[in-house]
Asks: 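One structure coming up, written as structure tokens, with questions to follow.
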Amino acid sequence: MGPIDGETRVEFLRAQLLRPFSALADFLYPPTCSVCGISTGGHRGLCAKCWSGIRFIERPYCEVLGSPFSHDLGAGILSAEAIANPPPFDRLRSAATHDHAVRDLVHGLKYRDRTDLAPMMAAWMLRAADGTVESCDALIPVPLHRTRMLTRKFNQAAELARHTAKLSGKPLLAATLVRVKRTSQQVGLGAKAREDNVRGAFAIAKGCENDIFGKRIVLIDDVYTTGATVAAASRTLRKAGAAEITVLTFARALSEPI
């Protein structure tokens, strides 16, 4: 075994010191499934039943929209939707389809203040990013309006972006993109109504233009449904001179592969 550097030694000593407290925490708060709550072997994990219900989005998929194909049609193939209606971003990547356990995880983070789920969810997102996080210049979360922050207490997209940045070592620009229009809830709105709702909703914070110009940006949100929100945010980033925009979400509303 080679010599142990100072940082490794500190991490080792910290782990040894924290071990008794971890054992006590496990005794007081036994590890449970993050979705259904039954006992599991470790924290921030899923039981076998919930895990088996997750549909991860894997290749083959549309290179632009990330929509999974039922058959491999070759490299670089685009979906009909991406050809007919190109999005204002360069590509979309999502970790899993928005159903069953994945929906429960999203709701837990978003509505039940389960910020403890964000590290696990961010790890799945980083895996699904297809190398775009590693090659980007910065991560930017889809922002909430300041009035929504007062009632929500935190921004779930910002939590996911923060942990993705921590895992990847990439810069997080949490205050560069701002929501200047107080929009209605998107839930329950049709595609056209969603577009109208978020039109003109975003802007670049004053003095932050250089954060965007010529940069490769990964825009992070929790769920991609119709894409209206990230499309509006992407147009703002593009107008500010972003060289490349990748949208990365934890979940994707999708019925069946194309």
Side-chain angles (χ1 to χ4, degrees), residues 34-35 43-46 50 54-57 66 89-146 148-149 151-179 185-187 198 201-202 211 216-234 236-237 242 245-254:
S34 297
V35 175
H43 292 285
R44 295 178 182 171
L46 273 64
C50 291
I54 293 177
R55 292 194 296 165
F56 288 102
I57 298 177
F89 46 82
D90 293 282
R91 67 190 62 82
L92 165 68
R93 297 292 183 264
S94 303
T97 58
H98 188 231
D99 52 18
H100 308 302
V102 168
R103 183 185 294 112
D104 289 338
L105 289 171
V106 170
H107 287 185
L109 173 63
K110 191 170 185 175
Y111 301 120
R112 297 195 294 272
D113 298 343
R114 290 289 309 277
T115 54
D116 58 296
L117 299 175
M120 177 182 70
M121 295 166 73
W124 294 6
M125 292 169 68
L126 186 58
R127 175 181 175 272
D130 201 19
T132 56
V133 171
E134 288 85 346
S135 63
C136 80
D137 294 304
L139 308 177
I140 292 181
V142 172
L144 292 177
H145 191 267
R146 61 182 181 276
R148 185 67 54 78
M149 279 292 290
T151 56
R152 185 73 62 80
K153 295 184 289 186
F154 70 95
N155 178 4
Q156 71 278 0
E159 280 296 296
L160 294 172
R162 182 169 68 88
H163 286 285
T164 303
K166 184 177 180 180
L167 289 170
S168 64
K170 290 294 181 176
L172 171 63
L173 304 179
T176 295
L177 183 67
V178 295
R179 192 181 291 241
Q185 288 277 6
Q186 294 280 70
V187 177
V198 295
F202 301 99
D211 289 348
R216 294 166 296 182
I217 301 298
V218 172
L219 180 65
I220 290 184
D221 206 359
D222 56 345
V223 182
Y224 183 97
T225 307
T226 65
T229 300
V230 294
S234 295
T236 299
L237 294 172
I245 303 168
T246 297
V247 174
L248 177 61
T249 70
F250 175 68
R252 169 81 183 272
L254 195 69

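In this text the structure is predicted, and so the values were computed from the model without any measurement.
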Asks: Please give me the minimum heavy-atom distance between I217 and A242, naming the atom from each residue.
Replies: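 Smallest heavy-atom distance, with atoms named: CG1-CB, 4.4 Å.
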Asks: Please answer whether the main-chain N or O of R216 pairs with a side-chain N or O of D137 as donor and acceptor at a distance below 3.5 Å.
Replies: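 Flag set: sc D137 to bb R216 pair under 3.5 Å.
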Asks: So which of T97, V223, L92 actually passes side-chain contact (heavy atoms from CB on, under 4.5 Å) with R252?
Replies: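 For R252, the side-chain contact (heavy atoms from CB on, under 4.5 Å) check succeeds only for L92.
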Asks: Do any N or O atoms from the side chain of R93 and from the backbone of L248 form a donor-acceptor pair under 3.5 angstrom?
Replies: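 Judged by distance alone, no pair lies under 3.5 Å.
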Asks: Do any N or O atoms from the side chain of S94 and from the backbone of F250 form a donor-acceptor pair under 3.5 angstrom?
Replies: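 Pair absent, no side-chain N/O of S94 close to backbone of F250.
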Asks: Inspect the surroundings of NE2 in H100 and state if more than 12 heavy atoms from other residues, nucleotides or ligands are less than 6.0 Å away.
Replies: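 No - once you tally the heavy atoms of other residues, nucleotides and ligands closer than 6.0 Å, there are 12 at most.
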Asks: Please give me the minimum heavy-atom distance between L139 and A161, naming the atom from each residue.
Replies: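 That closest heavy-atom pairing would be CD1-O, 3.9 Å.
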Asks: With side-chain contact (heavy atoms from CB on, under 4.5 Å) as the criterion, how do V247 and L219 come out once you've worked through the C-alpha distance, each side chain's angles and the decisive distance to 0.1 Å?
Replies: CA-CA 5 Å; V247 174; L219 180 65; 4.3 Å; yes
Asks: How many angstroms lie between OG1 in T226 and OH in Y224, if you round to the nearest 0.5 Å?
Replies: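 Between atom OG1 of T226 and atom OH of Y224 there are 7.0 Å.
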Asks: Hey, could you give me the OG1/CZ distance between T236 and R179, rounded to the nearest 0.5 Å?
Replies: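 Rounded to the nearest 0.5 Å, the OG1-CZ separation comes to 10.5 Å.
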Asks: Hey, could you give me the CE/OG distance between M120 and S34, rounded to the nearest 0.5 Å?
Replies: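 Reported value, rounded in 0.5 Å steps: 4.5 Å.
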Asks: Are the side chain of D90 and the backbone N or O of T246 linked by a donor-acceptor pair below 3.5 Å?
Replies: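 No, because the side chain of D90 does not come within donor-acceptor range (under 3.5 Å) of the backbone of T246.
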Asks: Show, in sequence, the C-alpha distance, side-chain angles and deciding distance for W124 and L160, and conclude whether the side-chain contact (heavy atoms from CB on, under 4.5 Å) test is met.
Replies: CA-CA 10 Å; W124 294 6; L160 294 172; over 6 Å; no
Asks: Atom CG of D113 and atom CD of Q156: how far apart are they, to the nearest 0.5 Å?
Replies: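 The CG atom of D113 sits 10.5 Å away from the CD atom of Q156.
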Asks: Determine the minimum heavy-atom distance between L105 and L117, stating which atoms define it.
Replies: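 Taking every non-hydrogen atom into account, O-CD1, 3.7 Å.
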Asks: Between T132 and D130, does the side chain to side chain donor-acceptor pair (under 3.5 Å) criterion hold? Intermediate values first, please.
Replies: CA-CA 6 Å; T132 56; D130 201 19; over 6 Å; no
Asks: Would you say the side-chain atoms of N155 pair up with the backbone N or O of V142, donor to acceptor, closer than 3.5 Å?
Replies: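 Present.
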Asks: Rounded to the nearest 0.5 Å, what separation is found between the CG atom of D211 and the CG atom of L173?
Replies: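 Nearest 0.5 Å value for the CG-CG distance: 5.0 Å.
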Asks: How close do R162 and L172 get, heavy atom to heavy atom, and via which atoms?
Replies: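 Heavy atoms of R162 and L172 come nearest at CA-CD2, 3.7 Å.
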Asks: Return the CD1 to CD1 distance between I140 and I220, rounded to the nearest 0.5 Å.
Replies: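 Rounded to the nearest 0.5 Å, the CD1-CD1 separation comes out at 10.0 Å.
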Asks: Would you call I54 and L46 a side-chain contact if the rule is heavy atoms closer than 4.5 Å?
Replies: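 Yes, at least one pair of side-chain atoms sits under 4.5 Å.
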Asks: Please report the closest heavy-atom contact between F89 and V230, naming both atoms and the distance.
Replies: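 In terms of heavy atoms, the two residues are closest at CE2-CG2, 4.1 Å.
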Asks: Mind listing the closest non-hydrogen atom pair of T164 and S168 along with its distance?
Replies: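 Residues T164 and S168, closest heavy atoms: O-OG, 2.8 Å.
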